[in-house]
There are 2 protein chains.
Amino acid sequence: MKVHELARSEQVSAATIRHYVRVGLLQPRKGSNGYHVFAEPEQRRLRFIRQARGLGFTLEDIQTILQDAEKGQSPCPTVRQLIEPRLQQAREKLEAMQALVERMENAVASWQEQPDCQPCGDHICLLIEGSDHTEQNRGGDASHE
Amino acid sequence: MKVHELARSEQVSAATIRHYVRVGLLQPRKGSNGYHVFAEPEQRRLRFIRQARGLGFTLEDIQTILQDAEKGQSPCPTVRQLIEPRLQQAREKLEAMQALVERMENAVASWQEQPDCQPCGDHICLLIEGSDHTEQNRGGDASHE
DNA sequence: TGTTGACCTGAGAGTAAGGCTCAGGTTTAT
DNA sequence: ATAAACCTGAGCCTTACTCTCAGGTCAACA
């Protein structure tokens, strides 16, 4: 199998495969013409990498896991260890994204009733500077919002 | 005001301010000693940048917005235009993060009952390869999962 | 006056996970 | 024979910073 064939069979871009080769995650043999040759072990490896990425592991994590397995050790303890901080980070990022989307939606909503501001030297853009668009600032006594 | 003073007064790192100077978002005067001098307009500008960042605008967006304002135009139309794709992207990222956290939590939960796998050549790590950890795969008729 | 420590500068590289582009080589089909 | 389609390694691009570097400045203290 060549790069594009593997790419198609595993639904990833050829660029991604080249990237994995570059960083050492995949180590295909090389044919006499210099082309990479991907056989079944490499294909399984790629599938594994994609599954691990889908669970939030970084390429470096995956490198570590694969190295465990290559040394004949069970990679499971490493896997159980590594996922904890990743999950923690993912939760934090999720919360940050929730807060961001909320701020943005609040902003867009409140902007519907605000006219465009004119330059005056006191502000740059009142839409942005106008309020902080947090939750608390929008549950108030507004009666016609 | 020098970099660290501005940094403290606006709760950002000095490195961030230097970065904004580097990319042209802030253009402080320079004293005879070569040091940057931040006066009130620059301070307001920084505050604006931070507020805009908090609403999900990229530094490039902010550059555009500030340039509008400098040309004496109202930046509001640009602001209304730019936030749409940003909001769209933020929602997509949010959904991706929700799905990711869910997959990760499902995985961690199911791993509690799974023993560490031993290397056998058929798999790299059964924890990761074992199932796809999606929602559908976990509401089924499994009685001892 | 010398020196220390805290600050300043621009420039360059690093981060994550690829994407894109380049010049040059290979293979396949017409 | 030649053109299309593929291959290679290498290097730069993305985001919004962060870190490090070498060298310059400044205030205080001995």
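Note that the structure is predicted; figures quoted are calculated from it, not measured. The sequence lines fix the lettering, A, B, ..., with proteins before strands; numbering per chain opens at 1.
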Which is true for B:V23 with a 4.0 Å heavy-atom rule: it touches a base, it touches only sugar-phosphate, or it touches nothing? nothing
Produce the list of close N/O pairs, under 3.5 Å, pairing protein atoms with atoms of nucleotides 20-22 of chain C; give distances to one decimal.
none

Between A:Q88 and A:E84: side-chain donor-acceptor atoms closer than 3.5 Å: no
Report the nucleotide, chosen from C:dG19, D:dC6, C:dT9, that has the shortest atom-to-atom distance to any side-chain atom of A:Y35. D:dC6
Which residue, B:K2 or A:Y20, contacts DNA chain C at a nucleotide closer to its 5' end, judged by nearest heavy atom? B:K2
Evaluate the side-chain proximity of B:K93 to A:V101: yes if any heavy-atom separation is below 4.5 Å, no if none is. no
Quick one, A:E105 and B:L87 - any side-chain contact, counting heavy atoms below 4.5 Å? yes
From NZ of A:K93 across to C1' of D:dT15 the rounded distance in Å is 11 Å
Check every atom of D:dC17, D:dG9, C:dT9 against the side chain of A:K30 and return the nucleotide holding the closest atom. D:dG9
Could you go through residues 20-35 of chain A and list every donor-acceptor pair under 3.5 Å that involves a side-chain atom there, pairing it with any protein atom two or more places apart or in another chain?
unit_1 : atom_1 : unit_2 : atom_2 : d
A:Y20  : OH     : A:R50  : NE     : 3.4
A:Y20  : OH     : A:R50  : NH2    : 2.4
A:N33  : OD1    : A:Y35  : N      : 3.0

Among the nucleotides C:dG18, D:dC17, C:dT9, which one has an atom lying closest to any side-chain atom of B:R18? C:dT9
Any side-chain N or O of A:S13 less than 4.0 Å from the OP1 or OP2 oxygen of C:dG18? no
Side chain of A:V3 only, please: which of D:dT18, D:dT8, C:dG18 is the nearest? D:dT8
May I ask you to say whether B:R91 pairs ionically with B:E95, meaning some side-chain N is under 4.0 Å from a carboxylate O? no
Rounded to the nearest Å, what distance is computed from the CD atom of residue B:E5 to the P atom of nucleotide D:dA27? 12 Å
For a quick check of understanding: with a heavy-atom distance under 4.0 Å over all strands, which category does A:R86 fall into, base, sugar-phosphate or nothing? nothing
So, do A:P77 and B:D116 sit near enough that their side-chain heavy atoms are less than 4.5 Å apart? yes
Look at the side chain of B:N33 and decide which nucleotide, out of D:dC17, D:dG24, D:dC26, has an atom nearest to it. D:dC26
What integer distance in Å separates B:Q11:CD from D:dC17:C1'? 18 Å
I'd like to check A:F48 versus A:I65 (side-chain heavy atoms, cut-off strictly below 4.5 Å). Are they in contact? yes
Would you tell me if any nitrogen or oxygen in the side chain of B:H19 comes within less than 4.0 Å of OP1 or OP2 on D:dT15? no
Measure from CD on A:E10 to C1' on C:dG18 and round the result to the nearest Å. 18 Å
So what does B:R53 touch, heavy atoms closer than 4.0 Å: a base, only the sugar-phosphate, or nothing? sugar-phosphate
Distance check: side-chain N/O of B:T16 vs OP1/OP2 of D:dT18, anything under 4.0 Å? yes
Please report, rounded to the nearest Å, how far the C1' atom of C:dA16 is from the CZ atom of A:F57. 17 Å
Spacing between B:F38 atom CZ and C:dC7 atom C1', to the nearest angstrom: 14 Å
Determine whether B:E10 and B:R47 make a side-chain contact, defined as any pair of heavy atoms from C-beta on separated by less than 4.5 Å. yes
